Amino acid sequence: MAAQASQPARWSDRFEEGLHPAIERFNASIGFDITLLQQDLDASIAHARMLGRCGVISVAEADQLIAALETVRTEAAEGHFRPGLEDEDVHFAVEHRLIALIGPLGKKLHTGRSRNDQVGTDLRLWLRQAIDGLDAGLRRFQQALLDQADSHLHTLIPGYTHLQRAQPLSLAHHLLAYVEMAERDRQRLADVRGRVNISPLGAAALAGTPVPIDRRLTANDLGFEAIYANSLDAVSDRDFAVEFSAAASLILVHLSRLSEEVILWASEEFGFVRLTDRCATGSSLMPQKKNPDVPELVRGKAGRVFGHLMGLLTMIKGLPLAYNKDFQEDKEALFDVVRTTADCLEAMAILLEEGIRFRPERLEQAVAADFSNATDVADYLVARGVPFREAYQLVGGLVKTCLSEGLLLKDLPLERWRELHPAFEADIHAAIEPRQVVAARRSEGGTGFERVAEQLQRCRERLGPQPEPQAPAP
Ligand code: ARG
């Protein structure tokens with residue numbers, strides 16, 4: 001049976017029978033690659049314009065193609081462009097509509113290109129825009145951290161190693177650590193963007209084309225920084241998808257670590273933050289509960305993004321050059337990585353903006369009631385000429401005694417200190433006071449208040465003013 005007249009022809013006359021309906025469904029990507037419609041139109045317009053400029057078609061023909069492609073865009077905006085399974089993918093869907101709109105001229109658009117370079121072009125254009133959106137999301141997250149840090153420069157929080165109380169910190173210092181992580185995330189995205197922003201268009205199926213095209217014209221028109229040097233590499237390369245997913249995975253690692261901290265902080269046991277009603281949910285059974293669903297979801301969603309990274313690596317690793325249909329699987333992965341990362345960044349920014357309130361009184365109590373100033377006792381002796389290791393041993397013994405007597409270091413009277421070592425003076429009590437302990441850590445990058453104030457200032461300058469919110473991408 002020949003291809004039915006009602007269905008748009010996709011294949012050449014070589015085919016005699018239509019696809020099995022289940023295989024048609026299995027093969028089609030239109031259900032998800034319609035996401036690339038705007039990019040497909042942009043790339044087709046650039047291609048048509050180039051064909052006109054290179055004399056492959058007349059300029060008048062190019063103008064007609066461009067106008068018809070813009071008509072498809074308008075139809076889509078008005079909800080009248082509804083491709084079906086028989087269109088297979090977004091590239092065929094646009095071409096079919098074009099031919100329906102303007103007849104035989106529409107059949108000239110695909111001159112000198114293939115869906116292989118076309119899909120690669122669309123995907124790169126889409127991802128480039130998505131990366132810019134994620135950068136804006138990271139900036140908002142950084143701003144939210146900076147605003148909290150601003151209010152909590154002088155709030156103390158216990159610092160942990162091995163989740164055991166270690167040394168007290170300025171809360172701002174703790175928050176600024178996440179600003180630095182987000183800064184590296186932004187750098188990584190910018191770096192990946194450079195390799196996303198290279199045009200494969202004109203590589204055609206795999207080998208280039210005898211049609212006298214100009215790849216640099218389409219690349220310039222579409223804002224690409226360069227063109228792929230090798231046509232095989234151009235249509236076979238999905239490194240950018242992997243690199244991007246790896247960069248997104250690290251964003252999720254960072255968001256997930258902060259989520260874990262917020263979840264701990266919001267527990268009765270820590271009590272360092274209160275969840276506001278804006279971002280917390282209740283239990284259907286236990287009326288007393290307020291649950292940190294937002295950070296829990298972010299922590300959970302990290303797994304999806306890592307999964308896509310692994311999926312992409314695995315999908316690519318066995319593929320011979322050049323294009324293979326396996327690549328069709330890259331789209332849903334990338335779309336989900338972008339959506340999940342953007343959603344998590346937004347949710348965490350909102351959580352910081354209005355979802356949590358730090359409890360300075362509880363934090364203050366926490367740092368006042370532990371041995372996290374023990375190192376400072378040793379440092380006190382070191383400053384008075386005692387070798388560090390000897391001081392360390394002495395203080396260890398002292399902590400042991402205090403624990404057995406149920407005392408804190410600050411409770412010990414001066415005589416007890418002097419019994420331990422004659423270098424102790426009356427100023428020992430002030431020296432181990434948590435605020436003093438924090439203030440004293442003046443080394444570069446340390447938690448001393450002046451240092452943190454400098455860090456905060458540098459972070460603010462680096463971030464600059466927040467841009468005006470942009471209209472969401474179509
Ligand atoms: N839908 C395909 C994809 O997503 C487009 C490219 C198809 N190319 C081909 N030679 N079958 O990868």
Side-chain angles (χ1 to χ4, degrees), residues 3 7-15 18-20 22-44 46-47 72 76 81-98 109-128 130 196 198-209 211 218 222 228 231-242 244-245 308 311-339:
Q7 290 195 355
R10 275 177 275 161
W11 319 126
S12 69
D13 291 345
R14 166 187 176 152
F15 286 81
L19 269 179
H20 186 293
I23 297 303
E24 183 171 60
R25 265 199 311 280
F26 184 68
N27 191 46
S29 52
I30 187 67
F32 49 87
D33 67 14
I34 190 71
T35 301
L36 301 174
L37 177 65
Q38 298 302 325
Q39 291 72 24
D40 199 72
L41 292 169
D42 293 342
S44 289
H47 182 68
V72 178
F81 179 62
R82 294 197 205 91
L85 267 189
E86 66 286 357
D87 289 301
E88 185 178 327
D89 62 22
V90 66
H91 323 294
F92 270 142
V94 169
E95 196 180 337
H96 294 156
R97 186 64 197 137
L98 196 64
L109 177 65
H110 211 52
T111 312
R113 74 172 187 189
S114 146
R115 279 186 301 153
N116 299 349
D117 56 342
Q118 201 182 346
V119 69
T121 306
D122 294 1
L123 200 55
R124 284 168 178 81
L125 290 174
W126 183 87
L127 189 57
R128 188 177 73 187
V196 169
I198 297 176
S199 175
L201 195 58
L206 73 166
T209 171
V211 179
T218 47
L222 294 167
Y228 273 85
S231 65
L232 280 173
D233 184 40
V235 288
S236 304
D237 177 28
R238 290 295 183 275
D239 293 358
F240 68 94
V242 171
F244 167 74
S245 302
H308 289 311
L312 284 167
L313 285 166
T314 312
M315 182 269 282
I316 298 165
K317 83 175 187 60
L319 299 185
L321 301 187
Y323 177 85
N324 299 269
K325 188 76 169 209
D326 313 47
F327 282 153
Q328 185 161 288
E329 292 293 308
D330 62 9
K331 275 156 228 71
E332 284 166 293
L334 272 183
F335 297 163
D336 194 56
V337 168
V338 168
R339 188 179 43 239

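In listed order, ligands and their atoms are each counted from 1. A quick note: this is a predicted structure, and the numbers were derived from the prediction, not measured.
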Could you give the N/O to N/O pairs under 3.5 Å linking ligand 1 and the protein, each with its distance?
from: ligand 1; atom 1: 1 (N); to: S29; atom 2: OG; distance (Å): 3.1
from: ligand 1; atom 1: 1 (N); to: D89; atom 2: OD2; distance (Å): 3.1
from: ligand 1; atom 1: 1 (N); to: Q328; atom 2: OE1; distance (Å): 2.8
from: ligand 1; atom 1: 4 (O); to: K331; atom 2: NZ; distance (Å): 2.7
from: ligand 1; atom 1: 8 (N); to: N116; atom 2: OD1; distance (Å): 3.0
from: ligand 1; atom 1: 10 (N); to: N116; atom 2: OD1; distance (Å): 2.9
from: ligand 1; atom 1: 11 (N); to: R115; atom 2: NH2; distance (Å): 3.3
from: ligand 1; atom 1: 12 (O); to: Y323; atom 2: OH; distance (Å): 2.5

Review point. With sequence neighbours left out, what residues match F81 under ring pair (Phe, Tyr, Trp, His ring centres under 6.0 Å)?
Key: none
Exercise for review: Could you tell me which residues satisfy ring pair (Phe, Tyr, Trp, His ring centres under 6.0 Å) with Y323, sequence neighbours excluded, listed by chain and number?
Suggested key: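 Y323: ring pair (Phe, Tyr, Trp, His ring centres under 6.0 Å) contacts with F327.
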Review point. Is it true that a side-chain atom of D33 and a backbone atom of D89 form a donor plus acceptor pair closer than 3.5 Å?
Key: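 No; judged by distance alone, with no hydrogens or angles, the pair does not exist.
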Check your understanding: Would you call R115-E95 a salt bridge at under 4.0 Å N-O?
Key ->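 No, R115 and E95 are not salt-bridged.
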Practice item. Decide salt bridge (Lys or Arg N to Asp or Glu O under 4.0 Å) for E24 and R10; before the verdict, give the C-alpha distance in whole Å, the side-chain angles of both, and the deciding distance to 0.1 Å. Key: CA-CA 12 Å; E24 183 171 60; R10 275 177 275 161; 3.0 Å; yes
Review point. For S245, what residues pass the side-chain contact (heavy atoms from CB on, under 4.5 Å) criterion, not counting sequence neighbours?
Key: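 Per chain and number, S245 pairs via side-chain contact (heavy atoms from CB on, under 4.5 Å) with L309, L312, L334, V337.
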